[in-house]
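Take a look at the structure below.
Each chain gets a letter, A, B and so on, in the order the sequences are listed, and its residues count up from 1.
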Amino acid sequence: MSEHKKEEEKSLNFIEEIIEADLAAGKYDHIVTRFPPEPNGYLHIGHASSICLNFGLTRKYPGYTNLRFDDTNPVTEETEYVESIKDDIRWLGFTWKNELYASDYFGKLYDFAIVLINKGLAYVDDSTSEQIASLKGTPTEPGVNSPFRDRSREENLDLFMRMKNGEFPDGSRTLRAKVDMAHPNMIMRDPILYRIKHAHHHRTGDEWCIYPMYDFAHGQSDSIEEITHSLCTMEFIPHRELYDWLINKLEIFPSHQYEFARRNLNYTVTSKRKLLQLVNDKHVTGWDDPRMPTITGLRRRGYTPESIVDFCDRIGIAKRENLIDVSLLEFCIREHLNKISHRRMVVFDPLKVIITNYPEGQVEMLKSEDNPEAEKVEYRDLPFSRELYIEADDFMEVAPKKYFRLAPGQMVRLKSAYIIRCDEVIKDENGKITSLHCSYIPESKSGEDSSGINVKGTLHWVSIAHAVTAEVRLYDRLFRVEDPSSEDGDFKDYINPDSLKVVETVFAEPSLKKSRFDDRYQFLRKGYFCLDKDSNEEKLIFNRTVTLKDAWAKEQKKN
RNA sequence: UGGCCUAUAGUAUAAUGGUAGUACGACAGAUUUUGGUUCUGUUUGUCUAGGUUCGAAUCCUGGUAGGCCAACCA
């Protein structure tokens with residue numbers, strides 16, 4: 001009930017307003033949207049926003065969403081990308097009604113072209129691409145008609161058929177719409193509809209050697225599928241006029257195009273060209289490198305689909321330029337992981353602690369909660385013994401006022417175990433600290449503490465004899481600057497050299513030996529981690545998804 | 001210097017002619033066996049100049065700033 005109310009109170013974005021108005025006016029009784037990726041790269045966080053928009057709309061309103069691959073350029077498109085795209089959408093939790101390809105419509109599109117020629121609205125142009133460009137004019141000057149613009153219907157029909165039959169080489173001829181070479185919108189200056197490319201297509205093979213351009217494929221595909229609301233990004237605004245012109249002249253189902261601003265995330269890039277460069281130039285290990293803003297990269301990093309969908313919901317949709325703060329994405333993943341991850345203790349940079357009053361050889365099994373946030377809290381076993389590791393920076397020989405951790409003579413609690421006091425600092429001949437001699441308070445056992453002692457700090461720890469080793473990979477932002485693309489020079493000059501820090505050997509509590517892929521962990525006081533696919537029987541490798549918020553680090557930065 | 005799009009706290013997004021709100025961030029405090037979580041509080045905004053109106057973030061005009069358009073890419 002309250003959930004329903006909340007839904008009602010949430011304001012609509014401008015596209016939802018359009019849809020509600022259309023539905024209310026009886027223009028449609030259901031809506032049809034589509035997600036139209038070009039299979040020439042991996043999906044990234046910006047696509048996630050579009051996916052959530054298109055699929056989200058038909059969850060909210062009656063109707064459905066098609067997945068349609070915009071595969072009209074055989075030179076750049078590959079089946080590998082088709083599979084990854086489908087995988088990513090499914091992982092995000094969305095289901096398409098029909099899996100379609102613009103190439104499914106090559107036959108129909110050819111027929112549409114014939115219709116246009118017959119109406120005197122398209123012609124075959126023998127100009128070279130340079131000639132076409134030079135006759136196009138500029139934004140401030142009108143273009144000039146091509147010398148081939150007034151060919152007869154018969155000649156156009158004959159030539160176009162021969163283009164299709166493979167009689168002409170690549171680039172020798174195009175089919176152009178006859179609109180207006182003086183149009184203020186340059187897209188309308190006799191746009192190219194078809195080009196010759198003797199290239200193998202990932203689906204149609206060698207059946208075709210002419211391929212439609214985006215403008216003669218996208219809108220027509222929308223129309224064939226009776227897409228009601230065709231959503232795309234702002235750079236297609238000038239194309240809308242052509243989109244409508246073609247649908248109007250062809251007298252086919254009137255799909256409508258609406259544009260929204262693509263979402264940009266700071267400290268990264270989301271252009272397929274740039275991401276491809278990062279991969280090809282080996283700045284990252286692949287499309288699924290955990291530092292990449294790709295869906296597959298975020299997935300490997302440990303992001304959950306829920307957190308990404310939540311992020312997309314929160315950033316909303318609008319028409320203005322934007323650069324979204326990555327801290328919001330981090331908030332979304334922390335919020336989800338805090339609820340679902342299992343707590344574990346892992347020491348990254350060990351300092352040996354000997355509990356001098358704890359019997360040698362004794363091992364005590366303690367209980368520690370898997371997740372204090374869970375509705376039903378479950379526990380795991382934790383071995384405690386005389387020799388432990390704590391984090392080196394959890395000890396300071398000379399501690400500042402607000403330092404709540406271990407220092408000579410000071411007491412701290414070991415999480416889920418006992419309170420200990422630091423009695424003696426052991427150093428080697430160089431003065432380097434090698435271990436700490438501490439004593440524990442037997443009455444302070446976690447859950448049955450009768451010591452009456454209050455300590456400020458609680459530390460994570462592992463029993464040395466029981467620890468398992470692992471590698472951790474700590475990730476930071478891929479770029480040093482908020483908006484690499486807007487900086488001078490090559491965007492790659494702004495790559496953060498410290499975006500990956502590998503800690504080869506960390507010491508983990510033994511329960512982590514049983515880690516599985518897809519398990520989510522919070523390493524206490526360290527961050528959220530998940531098992532990386534590079535792990536194997538011999539070696540555990542964890543990726544840090546995101547750090548915990550760290551008030552102490554912030555405090556230190558101030559001084 | 002043609003056409004088109006956009007302009008609300010640091011960021012993102014509401015307010016649909018009638019009290020400028022929400023989230024993230026930042027800051028301060030409370031709680032805490034994670035310096036986590038949770039809770040409370042504080043901070044900061046309508047690009048600008050006119051006009052219409054009883055009343056303008058909202059409508060109109062001019063300006064300013066940013067973006068897009070001259071691939072046989074999508």
- B/G67 phosphate, OP1 or OP2: any side-chain N/O from A/Arg262 under 4.0 angstrom? no
- Message: B/G36, OP1 or OP2 - any side-chain N/O from A/Lys526 closer than 4.0 Å?
- Response: no
- Pairwise P distance for B/U8 and B/G66, with rounding to whole Å: 14 Å
- Using atom CZ of A/Phe69 as one end and atom C1' of B/A74 as the other, report the distance to the nearest whole Å. 15 Å
- Task: Measure the acute angle between the ring planes of A/Phe106 and A/His201, then classify it against the limits of 30° and 60° as parallel, tilted or perpendicular.
- Result: perpendicular
- Figure out the NZ/P separation between A/Lys557 and B/G25, and round it to whole Å. 15 Å
- How do A/Gly137 and A/Ile315 order along RNA chain B: which one's closest nucleotide is nearer the 5' end? A/Ile315
- Message: Looking at A/Lys136, is its backbone amide N or carbonyl O close enough to the side chain of A/Arg189 to form a donor-acceptor pair, meaning the two atoms are under 3.5 Å apart?
- Response: yes
- Pairwise P distance for B/U11 and B/U44, with rounding to whole Å: 16 Å
- Item | A/Arg405 vs B/U33: side-chain N/O to OP1/OP2 distance below 4.0 Å | no
- Query: Going by modelled atom types, is there a donor-acceptor pair between the base of B/G25 and the side chain of A/Glu330 at under 3.5 Å?
  - Reply: no
- Atom CG of A/Asp550 to atom P of B/U34: distance rounded to whole Å? 14 Å
- Task: Determine, using ring centers only, whether A/Phe523 and A/Tyr528 are less than 6.0 Å apart.
- Result: no
- Query: B/G36 base to A/Arg334 side chain: any donor-acceptor pair below 3.5 Å?
  - Reply: no
- Does the side-chain ring of A/Tyr214 sit on the six-membered ring of the B/A74 base, less than 5.5 Å centre to centre and under 30° in tilt? no
- Message: Does B/G67 have its OP1 or OP2 closer than 4.0 Å to a side-chain nitrogen or oxygen of A/Lys319?
- Response: no
- Which residue lies more 5' along RNA chain B, comparing A/Lys549 with A/Met213 via nearest heavy atoms: A/Lys549
- Return no unless some side-chain N or O of A/Arg525 is found under 4.0 Å from OP1 or OP2 of B/G35. yes
- With a 3.5 Å cut-off and just heavy-atom distances, do the side chain of A/Arg320 and the base of B/U8 make a donor-acceptor pair? yes
- Query: Between B/A70, B/U37, B/G35, which nucleotide gets closest to the side-chain atoms of A/Tyr403?
  - Reply: B/G35
- Within the pair A/Lys554 and B/A26, is there a side-chain N or O less than 4.0 Å away from OP1 or OP2? yes
- Within 45° cone of A/Tyr110 ring axis and under 6.0 Å: A/Lys164 NZ or CZ: yes
- Task: Using only heavy-atom distances, decide whether a donor-acceptor pair under 3.5 angstrom links the side-chain of A/Thr140 to the base of B/U1.
- Result: no
- Task: May I have the distance from A/Leu159 (atom CG) to B/C72 (atom P), rounded to whole angstrom?
- Result: 19 Å
- Message: When you measure from the centre of the six-membered ring of A/Tyr42, is the NZ or CZ of A/Lys272 closer than 6.0 Å and no more than 45° off the axis?
- Response: no
- Message: If you apply the rule side-chain contact (heavy atoms from CB on, under 4.5 Å), what do you find for A/Arg405 with A/Trp552, and how did you get there?
- Response: CA-CA 11 Å; A/Arg405 307 175 183 184; A/Trp552 173 241; 3.0 Å; yes
- Item | Listed nucleotide nearest any side-chain atom of A/Glu321, set B/A14, B/G67, B/C73 | B/G67
